[in-house]
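Computed from a predicted structure; not experimentally measured. Residue indices begin at 1 and follow the sequence shown.
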Amino acid sequence: MAIRTLVIGAYGNFGRIISRHLNQMPGVQLVIAGRNARQLAQLSAQLSSTGASLHGSWCGDAMAPGFAEALRELGIDWVIHTGGPFQGQPYRVAEACIEAGASYCDLADCRLFVNGIAQLDARARQAGVALLSGCSSVPSLSSAILDEQRQRFSHIESIEHGISSSAKMPGLSTIEGVLAYAGRPIRQWRAGQPCAVDGWLGLQLRHLPGLGWRLLSNVDVPDMDIFASRYGARTLAFKAGAGLMAGGLANAALALLVKCGLVRDPLPWARRLHRLGLRFERWGDGKSAMYLDVRGLDENGQPLRLRAQVSATNDKGPEIPSCAAVALMARLTEGYQPAAGARPCVGEISVAQYLAAIDAPDKIRYSVSFQQGRD
């Protein structure tokens, strides 16, 4: 039986990529959703013109009362929620899914949102539905890479990972979400102890193979909690940065103004930086990457270091956060059934399944290397 899937925010940057993939996937009946009727109609016409099997659209506010009833009327089996920013967003969509008996995943990378979804676990189990939060680069792909290589380590001491995007700007809601904590303390881990660092500060130049030198800053992600318990790492750090160094410096300047008390609300500035970033997109090289640098001990108790990187060219970077949901749906069409309950989306998708969903082997490269002994 086909899986009837509704994509919320289908005409957004990530929603559009997901909809395009699912519209071509056998075993999926795609229904697109959003609040803007004009944009929804335009996307519907584009998807229908491909000759694939778009199965309708729904225009409305998924956060408003009545969404559960709409899901039942549409006969939805799965909801994919792309409507950020998720910082401070309540779980109304997930709760509506519980009420309607539909399973759910979202593309959130907000630490509190992703890890907080466990509060709905008992209700989701009782309803027999799966609620998977953070179905994106972090923590889905980052954990998949570590799960794949975990057996090489007898002990993991530190995990430093991050993302360097291309100059192509994501949607405004994404920028608003990630800059909401600019200049504010976020928690990482050093030697097993919590350590407060400043969001979008802590500038670091890092050389990424195939990309060159990139400027990165402290960013908050769900992995900081998940990796401590899942892998036992005592030191955890995550950094991210824009494809152009000027963008990283602009984010750091905003963070410094917030930290000094000269800017109280970063959101208006996030909108200005988004507009500015759109003007400079053409200066980028179209390359982006997610990297992991893991240190620990091998099975003989000797120092072991893992370096892994997923790189994208031709501005294919947005495919990576989008296609966790696509990979999950592909697994469902093959008969996979996630356990009922509410949890972060880790352990559901392998690296191979993730890359197969992106389906761009000439533009996406995955590399892994190990180094024995100390540096």
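- For the pairing with Ile320, the side chain to side chain contact (heavy atoms under 4.5 Å, CB included) check across Val310, Ile17, Ile163 returns one residue only, Val310.
- Remark: Arg206 engages Asp293 in a salt bridge, criterion side-chain N to carboxylate O under 4.0 Å.
- Taking the six-membered ring where the residue is Trp, Phe113 and Tyr91 present tilted rings, their angle falling between 30° and 60°.
- At most 12 heavy atoms of other shown residues, nucleotides or ligands fall within 6.0 angstrom of atom CZ in Arg365.
- Just one of Asn115, Leu236, Val114 meets the side chain to side chain contact (heavy atoms under 4.5 Å, CB included) condition when paired with Asp225; it is Asn115.
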Next item on the list: Report the C-alpha distance between Phe238 and Trp189 in whole Å, list the side-chain angles of each, state the deciding distance to 0.1 Å, and finish with yes or no for ring-ring contact (aromatic ring centres under 6.0 Å, His included).
Entry: CA-CA 10 Å; Phe238 186 91; Trp189 296 88; over 10 Å; no

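- Rounded to the nearest 0.5 angstrom, Asp77 CG and Cys97 SG are separated by 11.0 Å.
- Leu304 has its side chain out of reach of Arg295: every pair of non-hydrogen atoms, C-beta onward, lies at least 4.5 Å apart.
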Next item on the list: Just do the side chain to side chain contact (heavy atoms under 4.5 Å, CB included) check on Arg187 and Cys195 with the steps written out, would you?
Entry: CA-CA 6 Å; Arg187 189 179 66 175; Cys195 172; over 6 Å; no

Notebook entry, point to check: Between Arg20 and Glu319, does a salt bridge (Lys or Arg N to Asp or Glu O under 4.0 Å) hold up when you go through it step by step?
Noted result: CA-CA 11 Å; Arg20 175 173 51 82; Glu319 293 274 340; 2.6 Å; yes

Margin query: Between Lys168 and Asp315, does the salt bridge (Lys or Arg N to Asp or Glu O under 4.0 Å) criterion hold? Intermediate values first, please.
Written below: CA-CA 7 Å; Lys168 186 175 179 61; Asp315 281 322; 5.6 Å; no

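- A salt bridge does not link Glu99 with Arg123: none of the charged nitrogens is closer than 4.0 Å to a carboxylate oxygen.
- Qualifying side-chain hydrogen bond (donor to acceptor under 3.5 Å, both in side chains) partners for Arg190, counting only residues two or more places apart in sequence or in other chains: Gln188.
- Note that CD1 of Ile156 is 9.0 Å distant from OG of Ser158, once rounded to the nearest 0.5 Å.
- For Arg150, the CZ atom counts as densely surrounded, since its 6.0 Å shell holds more than 12 non-hydrogen atoms of other residues, nucleotides or ligands.
- Taking the centre of each ring, Phe153 and Tyr231 stay at or above the 6.0 Å mark.
- Ionic pairing of Asp220 and Lys239 is not present here: no N-O contact between side-chain nitrogen and carboxylate oxygen is shorter than 4.0 angstrom.
- Remark: Arg152 qualifies as a cation-pi partner of Phe370 under the 6.0 Å distance and 45° angle criteria applied to the six-membered ring.
- With salt bridges taken as basic N to acidic carboxylate O contacts below 4.0 Å, one links Asp147 and Arg230.
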Next item on the list: Using the salt bridge (Lys or Arg N to Asp or Glu O under 4.0 Å) rule, take Arg343 and Asp121 through it: C-alpha gap first, then chi angles, then the decisive distance, then the call.
Entry: CA-CA 7 Å; Arg343 58 191 179 275; Asp121 186 58; 5.5 Å; no

Next item on the list: Before giving the answer on salt bridge (Lys or Arg N to Asp or Glu O under 4.0 Å), spell out for Glu157 and Arg234 the whole-Å C-alpha distance, their side-chain angles and the decisive distance to 0.1 Å.
Entry: CA-CA 5 Å; Glu157 178 62 27; Arg234 291 169 50 81; 3.6 Å; yes

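- Around the CD atom of Glu299, the shell of radius 6.0 Å holds no more than 12 heavy atoms that belong to other residues, nucleotides or ligands.
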